[in-house]
Amino acid sequence: MSNDTQPAIVLEKVNKWFGQLHVLRDVSLTVATGEKVVVCGPSGSGKSTLIRCINRLETHQEGRILVDGTELTDDTRALDTIRSEVGMVFQSFNLFPHLTILENCTLAPIWVRKMPKVEADALAMEFLTRVKIPEQALKYPGQLSGGQQQRVAIARALCMRPKIMLFDEPTSALDPEMIKEVLDTMIELAESGMTMVCVTHEMGFARQVADRVLFMDQGEVVESGTPVEMFERPQTERLKLFLSQILRGH
Amino acid sequence: MSTATTTHISVPGREQPPMLVAGPVAWARANLFNSIGSSLVTLALAYFLLKYAASFIDWAFLKSVWTVPMDPATGKLDPTACRAAKGTGACWAVIWDKYRFILFGRYPFEEQWRAAIVLVLFIGLFVTSAMRRFWRRELALIWVATLTAIFVLMWGGVFGLRYVPQDEWGGLPITLILSTFGLACAFPIAVLVALGRRSTNLPAVKLLCVIYIEVIRGVPLISLLFMASVMFPLFMPEGLNPDKLLRAQVAIILFAAVYLAEVIRGGLQALPKGQYEAADALGLSYWKKMGLIILPQALRLVIPPLVNTFIGFFKDTSLVLIIGIFDLLTSGKVAVADPIWQAFSTEVYIMLGLIYFCFCFSMSRYSRGLEREFSKSVRR
């Protein structure tokens with residue numbers, strides 16, 4: 001079904017409303033396999049909604065979204081399949097507090113992929129080692145720091161061996177000293193060739209790994225380009241304003 | 001210079017508590033006698049407490065009559081001693097005489113060992129289920145096996161046991177059957193109804209659940225029991241008439257399920273939305289999401305109100321008294337209708353109260369322990 005020439009994600013003129021509020025306006029986007037896209041923009045610009053539409057945590061009302069060649073519709077079985085191919089990392093980690101770190105990671109491989117427990121444990125330990133916290137495997141999420149929890153969340157998503165990873169402001173809820181450890185994990189993941197869509201304000205991260213940066217404002221993609229084009233030669237007033245605000249903050 | 005090395009510099013450490021900050025005397029001073037007003041209230045309450053406690057102990061233990069002699073003429077117990085002590089001392093002899101009737105009701109006297117085994121089985125089942133190391137799939141088999149054994153023992157008719165029709169059952173086994181079956185069947189129904197009421201993409205199911213909850217919750221349990229015992233048979237075809245206990249049982253299950261469902265819904269709503277989204281994002285199907293992620297957390301959150309409902313329903317089973325089912329309370333009531341013991345109902349009701357209290361209090365203590373254990377493993 002999928003092949004290397006087929007784009008990982010295609011959005012065609014996607015529109016979405018929350019009641020009267022038009023949160024996505026004619027958003028079109030194609031993400032190639034292996035491409036890293038960073039989405040930025042002021043709060044309320046629709047960037048989180050956009051990324052949440054890609055695995056249908058939000059439903060769009062107009063337009064088409066294709067993930068790995070399959071269109072997102074109300075067909076729940078197809079949806080579960082797509083979701084198992086798309087990993088998602090949330091701003092607030094959303095680990096399962098009643099399960100250990102290891103169980104958090106093995107739950108989906110065992111119950112969705114029908115993997116034997118021993119194999120799933122080995123897989124989980126492999127990814128926990130990759131995010132550098134194998135020693136925490138038998139603790140509960142509440143016993144870990146925010147940065148550690150977010151790295152577990154990344155490992156949990158990776159245990160499903162997803163083709164695409166979505167990051168929804170993964171560092172926004174973290175204390176400053178923990179942001180780096182999570183970004184390092186994401187950079188390592190990017191270097192391994194994963195297709196990634198990240199909503200983030202970490203411009204350093206965007207410069208380092210992004211193939212393309214999307215700037216959104218008021219529900220539409222205002223400008224897009226390589227990090228260098230976007231950050232050094234912004235074309236629109238809105239992006240210039242946004243960048244000046246971001247840089248003042250840092 | 002030497003002073004610098006020899007002088008002891010006291011490090012500001014934790015100071016010793018001053019005298020009488022800890023200990024029972026200090027506690028009493030801080031909580032009971034911290035002002036003139038509170039001292040007066042304390043003394044007045046202590047006076048009444050001691051007075052009534054003393055007179056209760058006097059009545060229940062010191063001046064009480066424990067046994068009465070048999071009247072040789074009639075072969076019955078002679079309650080003269082009890083009548084003499086009436087008003088000053090309790091007559092526990094009534095319990096000695098009637099305890100088997102209170103516990104087992106009209107169950108045939110010589111077959112009551114079967115009902116006694118049923119009680120032991122029930123209590124064994126509760127204790128086993130309470131222990132976390134038995135929480136695996138086999139526990140369901142244990143339940144099925146025990147409950148089957150209980151019905152075989154109660155009914156008989158096989159293995160050389162005499163057949164005992166259902167209307168001869170009575171006492172504590174009935175109370176335990178009604179409450180155990182009631183809650184065990186109501187709980188899964190409640191989970192489904194709670195999920196149904198929260199469902200967003202099945203509006204018809206949601207509407208049905210809402211109607212079910214609102215209708216049953218809006219009706220008193222007593223009227224539901226009346227309907228089950230009086231009205232229901234009118235609609236059934238001739239000859240097809242499930243027995244009264246079963247009908248009451250169904251009414252209790254339907255009623256308990258509604259209350260449990262609302263408690264569980266509270267737990268479902270209290271969970272952060274992120275938990276649902278994380279489960280969705282991993283590709284878990286609806287039932288796996290609910291069974292593995294949402295319900296385990298939601299049910300832990302609502303242990304206190306859940307146990308509250310359990311205890312309430314354990315006691316509410318006594319309402320079957322009004323439709324003539326012989327539960328523990330009914331058999332106690334009938335026991336004191338005996339002309340010999342008519343004047344000594346207080347003693348019997350105290351005993352009934354103690355039995356109910358034992359079950360309810362163990363449930364309550366157990367749930368406290370469970371909460372503590374869960375909060376140990378899950379620190380948010």
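Here is how names work: the chains are called A, B, and so on, in the same order as the sequence lines, proteins then strands, and each is numbered from 1.
Residue with the most contacts toward chain B among A:Arg77, A:Lys139, A:Arg113, A:Arg52: A:Arg52 (heavy-atom pairs, distance under 4.5 Å).
A donor-acceptor distance shorter than 3.5 angstrom exists from the side chain of A:Asn94 to the backbone of B:Gly274, with no hydrogens or angles considered. Counting only distance, with no hydrogens or angles, the side chain of A:His98 and the backbone of B:Leu292 share a donor-acceptor pair below 3.5 Å.
Residues B:Asp280 and A:Leu57 come closest through the heavy atom pair CB-CD2, 3.8 Å. Taking both residues in full, the closest heavy atoms of B:Ala278 and A:Phe96 are given as CB-CE2, 3.9 Å, listed atom of the first, atom of the second, then distance. Summarising the geometry of B:Ser285 relative to A:Asp80, their closest heavy-atom pair is CA-OD2, 3.5 Å, with the distance given to 0.1 Å.
Taking a 6.0 Å sphere around CZ of B:Arg217, one finds it holds more than 12 heavy atoms contributed by other residues, nucleotides or ligands.
For residues 100-108 of chain A, the interface with chain B (any heavy-atom pair closer than 4.5 Å) comprises A:Leu107, A:Ala108, sorted by residue number. Within residues 82-93 of chain A, the residues having any heavy atom closer than 4.5 Å to a heavy atom of chain B are A:Arg83, A:Ser84, A:Val86, A:Met88, A:Phe90, listed by residue number.
Heavy atoms of A:Leu79 lying under 4.5 Å from chain B are absent altogether.
Note that CD1 of B:Ile293 and CH2 of A:Trp111 are 10.5 Å apart. Values are rounded to the nearest 0.5 Å.
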